[in-house]
Structures are given as C-alpha cells and as structure tokens.
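Below, each value reflects all heavy atoms present in this structure, side chains not excepted, and no hydrogens, waters or symmetry copies. Nothing fancy with the numbering, it's 1 onward along the sequence.
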Amino acid sequence: MKAVKGWRLCGTSYMQSLPGARHRAPHTTRKPLWIMAVVSLITMFVVGAYVFPHHRRAACYMFSSKGCKGLTDWLPPTPRELSDDEVAARVVIREILSSPRVIKKTSKIAFMFLTPGTLPFEKLWDLFFQGHEGKFSVYIHASKDTPVHTSRYFLSREIRSDEVVWGRISMIDAERRLLTSALKDPENQQFVLLSDSCVPLRSFDYMYNYMMYSNVSNVDCFDDPGPHGIGRHMDHMLPVIPKEDFRKGSQWFSMTRQHAVMTMADSLYYSKFRDYCGPGVESNKNCIADEHYLPTFFYMLDPGGIANWTLTYVDWSEGKWHPRTFMPEDVTHELIKNLTSIDAVSRVTSEGTGIVTYTQCMWNGIKRPCYLFGRKFHAGALEKLMDLFPKYTSGFD
C-alpha cells in the first residue's frame, strides 16, 4: 500500500508542475527510447547470466568487475533439494515436537551421572535428594569401575555402560544410553546430564520448579567463527550439515522429554558426527563430538526450543583444554554466593581477539540467575560443601 500511495503523490506533484494538456509541445509525448534500450540490454544480460552458467573467466567480467563471484553474490540462491533421509528426519521430529508437554504432580527429573567410577559427592547428593522422594530418578553410566555407593538413592542405579574416550563419539554414545534408560520411565519429564565432579548449587525445590516449568531446554549453543568452532566442521558432513550451521556448546544439558525423544530418534545427524567428527579426519582439524553434536542438531532443527546456555557452571578462565578445578581451599560461602548470583553467560570465541560477550539469562521471559549446578569440584571439597549446603540453599532460594 505504501508503494501505491507514494506513486500517487509523485504523480500529483508532477502534473501540477505541467501546463494544461492543450499547450504541451508535440515532442513531450515521445518515449525516452534510449533509456528503454539500456534497461532492456541490462535485463537481457541479467537473465542470460542466471540461465546460462559462465565457464569462461572473460565472460564473467563482462557482467561484473568482480568476476563470477561478484555476479553470483546478488543473484537469488538456489535452494537445495533435501534427500529422502532429511525429509523423513524432519517429519519425525516435527511430529515429536507437536506432542504437548504433560506436567503432573508425579512428574520427575532424571539425574543422569556420567562417571568413570565412584561418585565422590554422593553424600552431598543424598542430602540434596532427602525428603523429595518421587520427584526424581537416578541413572549412572560408569565407564571404568563399578561404583561404591554411600547413598540409598544411588544403589542399583547403574545402567549398561561402555568405555568413554574424551572428545570421541563414545561420549555421545554414553549420553544416549543414559537418555534411553531414563526415557523408559514415563514420569521422567526433564533430563539433566551431570558429571562426577558436579555439585548442586540450589535447593531441590528451587531446582525442580526452575527446570520442570521452563518452556525451553537448556542446551548450550553458540556460533564460534574461530578454529575451535566452525573451523572444526568437516567437509564430509556436507550437504546435510552446512558449515554455517555448525555450532559449539557445553555437553552438560538439561532437556525436556520431547527433546530427549527427538535426540534418540535421530540417526541421520548423529551418523555424520559418528563417522566424521574426530581428531585427524580432515587435515589437522580436531572435531570434538560432545561439544558440537547437540548444539548443531538443535540449532538446525529446533533453535527456538533451547535457551542456548547450560545450567551447569564451568570456569574456563584459565584458558586450558580443561576447566578450572575448585580445590577445598577455594570452597567458601562467598564462592557459592558468587556462582549463584551470575545472571549472564560470558562467551569468548577461538578467533583470538579476547573479546568477551555477555548474554542475559532469561527464564520464561524473566531475568533469573543462570546456574543450578557447578563443576569441576575436587573430591576433597566434600566436607566443606556438606557443611555449607544447608546455609547456601536456605539463604539464596
């Protein structure tokens, strides 16, 4: 409508500046033929460039001083036709996401522990779970040794496990085993992945309400243009996983039942990471599956369904391959207070600029602190955390 209105206004102004029609000179009725000829010639070149591909470099420069690339930059992109597998995957995922969430009084959160053996903070988790029976379930993937338990909540909760190698697809396989086991219980509506060095930073009630009534899953996801982000994308993943859709994030997630089912239903995107995401697959790229699979998967198929940050705090300030470990002497009331007051996620890409960006943490549109859990804590910090737990959970919740 705006275009029509503008034409009328311009037309009115033009006519008011002309004398009456009976006084116009005969030559004013002639069409500007040279302008029409130029426009026609340009149109012919554009149509020809789009219809007929240019195989010779000289032909490209007839249309643009930048050559073929300059010409294709402003031509409309041709959409890629999806394969049968891609179409099928999207249909299945759309069906899963269309199912309504059902939260009842009996709904539970599945706590899924990924550990090499015994959980050093089992006593702390026992304190965390006490009095909330029926609202949670526990699953343990022990990749090396059989755990020795100190809490009744962890007894006989091991699932079938296998070896896990850091950075390899075996880490994703372990996560999928945990999800598969937890999905067997229809009352599990939220699924949180935790490590042996994770500890709770909030009370159970606070955590339960935060997670159960969130309208998104907390899957970490961001765009890292540097060598440890998009630089890890493998050409073998094309065309199913375009380079521009390749994302990065922490492996420690919390997701809804729909997203857990969606993850387990995937074989197409998982297979690309299984087959091609690893060290030395292409050149010197070091693709780490657990940092890229879920962020990329959800970015491509349900970007609006994730919060783009994790509920588990990790300190990467030391700039090493592994995050900082909180030693017993680091654990104080002030530390826990600081961790639970963080309300924005900081990002530093691998481009080497050192620029830090911040994203506000929002819970159902409301500004809230970001983290419910923290890692990595040294096993020797257990007694201090046990002593502080009643204080920091009652004081901050």
Spatial distance of atom [atom1] ([X]) from atom [atom2] ([Y]) [nearest 0.5 Å]:
X    : Y    : atom1 : atom2 : result
S250 : D290 : OG    : CG    : 8.5 Å
S203 : L127 : OG    : CG    : 11.5 Å
D224 : S350 : CG    : OG    : 3.5 Å
I93  : F298 : CD1   : CZ    : 8.5 Å

Are the side chain of [X] and the backbone N or O of [Y] linked by a donor-acceptor pair below 3.5 Å?
X    : Y    : answer
N364 : Y213 : yes
W125 : V199 : no
K376 : F326 : no
T349 : G226 : no
N308 : D220 : no
N209 : M211 : no
H378 : G380 : yes
S217 : T256 : yes
R202 : T340 : yes
N338 : E334 : yes

Does [X], at its [atom1] atom, have more than 12 non-hydrogen atoms belonging to other residues, nucleotides or ligands within less than 6.0 Å?
X    : atom1 : value
R176 : CZ    : yes
E81  : CD    : no
D84  : CG    : no
E351 : CD    : yes
K123 : NZ    : no

Return the minimal non-hydrogen interatomic distance between [X] and [Y], and the atom names on each side.
X    : Y    : answer
L335 : D330 : CD2-O, 3.3 Å
P328 : A381 : CG-N, 3.8 Å
L183 : M264 : CD1-CG, 3.7 Å
S197 : F121 : CA-CE1, 4.1 Å
I230 : K243 : CG2-CE, 3.3 Å
C198 : T312 : SG-CG2, 4.0 Å

Any Lys/Arg nitrogen of E86 or R80 sitting under 4.0 Å from an Asp/Glu carboxylate oxygen of the other? yes
Any donor-acceptor pair under 3.5 Å linking the side-chain atoms of [Y] with those of [X]?
X    : Y    : result
S317 : D315 : yes
T296 : R247 : no
Q251 : E291 : no

Do L382 and F377 belong to the same hydrophobic cluster, where Ile, Leu, Val, Met, Phe, Trp and Tyr are linked whenever their side-chain heavy atoms lie under 4.5 Å apart, directly or via other members? yes
Hey, any chance I96 and V87 share a hydrophobic cluster, counting ILVMFWY side chains that come within less than 4.5 Å of each other, even indirectly? no
Would you mind reporting whether [Y] and [X] have side-chain heavy atoms less than 4.5 Å apart?
X    : Y    : result
D85  : L268 : yes
I109 : M207 : yes
L339 : Y371 : no
L179 : M112 : yes

Run the ring-ring contact (aromatic ring centres under 6.0 Å, His included) test on F273 and F297 for me, step by step, so that the C-alpha distance in whole Å, both residues' side-chain angles and the decisive distance to 0.1 Å come before the verdict. CA-CA 10 Å; F273 285 87; F297 177 63; 9.2 Å; no
Cationic tip of R157 above F154 ring, under 6.0 Å, 45° of axis: no
Which word best sums up how the rings of [X] and [Y] line up, parallel for under 30°, tilted for 30 to 60°, or perpendicular for over 60°?
X    : Y    : value
H236 : Y276 : parallel
F204 : H132 : parallel
F246 : H292 : parallel
Y392 : F389 : perpendicular

Cut-off 3.5 Å, no hydrogens considered: what does the side-chain donor-acceptor table look like for residues 353-362, sequence neighbours left out?
{"from": "T353", "atom 1": "OG1", "to": "I355", "atom 2": "N", "distance (Å)": "3.4"}
{"from": "Q360", "atom 1": "NE2", "to": "D343", "atom 2": "O", "distance (Å)": "2.5"}

How would you list all residue pairs meeting salt bridge (Lys or Arg N to Asp or Glu O under 4.0 Å) that involve residues 126-140, not counting sequence neighbours? E133-R152
Result block: side-chain N/O donor-acceptor pairs under 3.5 angstrom for residues 137-147, not counting sequence neighbours:
{"from": "S137", "atom 1": "OG", "to": "N188", "atom 2": "OD1", "distance (Å)": "2.8"}
{"from": "S137", "atom 1": "OG", "to": "N188", "atom 2": "ND2", "distance (Å)": "3.3"}
{"from": "Y139", "atom 1": "OH", "to": "N188", "atom 2": "ND2", "distance (Å)": "3.0"}
{"from": "H141", "atom 1": "NE2", "to": "D162", "atom 2": "N", "distance (Å)": "3.4"}
{"from": "H141", "atom 1": "NE2", "to": "R177", "atom 2": "NH1", "distance (Å)": "3.0"}

Can you check ring-ring contact (aromatic ring centres under 6.0 Å, His included) on F129 and F111, steps first, answer last? CA-CA 11 Å; F129 288 136; F111 289 80; 5.1 Å; yes
Could you check Y293 against D266 for side-chain hydrogen bond (donor to acceptor under 3.5 Å, both in side chains), going step by step and ending with a plain yes or no? CA-CA 11 Å; Y293 167 55; D266 173 48; 2.6 Å; yes
